[in-house]
Amino acid sequence: MLKSKFMRCLLVAFTALAVSLPGQAGMVGTAQLQDSLLSVDLGSIAAKRDWIEQQLVLGGVEAMDAETRVASMTDAQVIKIHQRIDEAPAGGADALVIVILILVITELMGYTDIVPNWPASE
Amino acid sequence: MKFANRRARAITCTLVLLAFLGGCATSPQTRSLLDNPPDIPPRAELTEVPFFPQQEYHCGPASLASIISYRGTAVEPEQIVPLIYVPELKGSLQAEVIAATRQFELLPVQLDGTLESLLREIAAGNPVFVLQNLGLDLVPVWHYEVVVGYDFDQRIMIMRSGLKPRVTRSFALFEKTWQRAGHWALAIVPADSIPQTVSASAYLEAVIGLEQVGRINTAHRAYTTALRRWPENLVAHSGLGNSAYALGEFAEAESAYRAALQIDPEKADVWNNLAYALAQQGRHEAAIGAINRALELDPVNQNYKDSYHELSHWQ
């Protein structure tokens, strides 16, 4: 697994990010109506959003982009990412630490497909 | 002598390791599909899906640019990079791929993870965004690509992938590389469309996501789309109501909430929201009646009590 080296423990400055919810404050949002969202208080979600934004910036993302990206995540995604960001796959096709011999053989035997169209399909 | 023994040991270890690793990979779905082909054309290929060769590690942006362009907004991978790519990871996270589609007013709908559904989506004209592990569980090689076709005679899947506009992979091998990526697949569709194989809840999860991040107009359209297919769906009616409310369409919101309550008259949350829609139209007595109904159903709910208080003092 590609180690996400920038995942270090950090003291995150707690800023109450306003999470934009449509409609009146007293209304019940569609996600809650569906009972799909854990009942987590907004403050804790805001802190998680802040932390994810920080991690993206630490990972080399421009600050303004990081802000936009976190704003496009739902609360449910924020919770999930916060729990598992250091385990998540990052699609990039970067082959690290390949045991060349093994993978050449698995490629020939048809268990892997690191080199496209090789060997040619029967 | 020593060397020969060492080499023999190394070869044996490698073979044992391979047997172990190989044994863990089978293709049951392929077998089943070939034995009982589904009722779709024997081959299909979405040739109009554009191809963007990926820059280093940018398979996410290249693949997403393909699908977004196909859906009507011409974009280049370079525009997608700042939306999903994490330099330190040399790749893009699945959650960010999903989030990015919302920025283009598109719905990211997760598929059910079966190969059959993937094929059905292609047959229906929907390219599918997939994650693959082209390596092994122990040494993963994560890669995004766009599935654009299949062929039952050749038993291949067809993808836009990496530097090649047309990569083919056998059903069996595709199944293995996809299985190692958790069978993750997204159909990315506009708000007037529903992917071929998804359930109401999978579709609505995507719509709710759009609504949550403030894409209200698009969410509103998508709830309407959902109701055409699933007219008895409580969440769809409620979502239509909430999105209409957010757009200031209070009469429409009221009508949607009432439709939801026809389906489940005891959904107190909807009574609560109906009360607000009525108040916004100046019908205060009716509003109090509605919030009282919510309180009858759930007397200890603090939110409803607060709503009652707010509605009683409505100007």
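The chains referred to below are lettered A, B, ... by the order of the sequence lines, with proteins before strands, and numbering in each begins at 1.
Both the backbone and the side chain of B:Val270 come within contact range of chain A, judged by heavy atoms closer than 4.5 Å. The contact between B:Asn272 and chain A is made entirely by side chain atoms (from C-beta outward), counting heavy-atom distances below 4.5 Å. Heavy-atom distances place the side chain of B:Tyr223, and not its backbone, under 4.5 Å from chain A. Contacts of B:Leu131 with chain A are made by side-chain atoms alone, with heavy-atom separations under 4.5 Å and no backbone atom involved. In this structure, chain A has a heavy atom under 4.5 Å from the backbone of B:Ile84, while its side chain stays farther away. Neither the backbone nor the side chain of A:Glu62 comes within less than 4.5 Å of any heavy atom of chain B.
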Step by step, work out the side-chain hydrogen bond (donor to acceptor under 3.5 Å, both in side chains) result for B:Asp306 and B:Gln302.
CA-CA 6 Å; B:Asp306 293 342; B:Gln302 190 57 46; 3.0 Å; yes
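Ring orientation note: the planes of B:Tyr144 and B:Phe129 are tilted relative to one another, at an angle of 30° to 60°.
In this structure, a donor-acceptor pair under 3.5 Å is present between the side chains of B:Arg169 and B:Gln132. B:Thr177 and B:Asn133 are not linked by any side-chain donor-acceptor pair at a separation below 3.5 angstrom, with hydrogens and angles left out of the test. Side-chain contact check for B:Gln103 and A:Ser72: at least one donor-acceptor pair (N or O, by modelled atom type) lies under 3.5 Å.
Note: B:Pro87 leads B:Ala181, B:Gly182, B:Pro61, B:Pro87 in heavy-atom pairs under 4.5 Å with chain A.
A ring-centre distance under 6.0 Å is not found for B:Tyr257 and B:His237.
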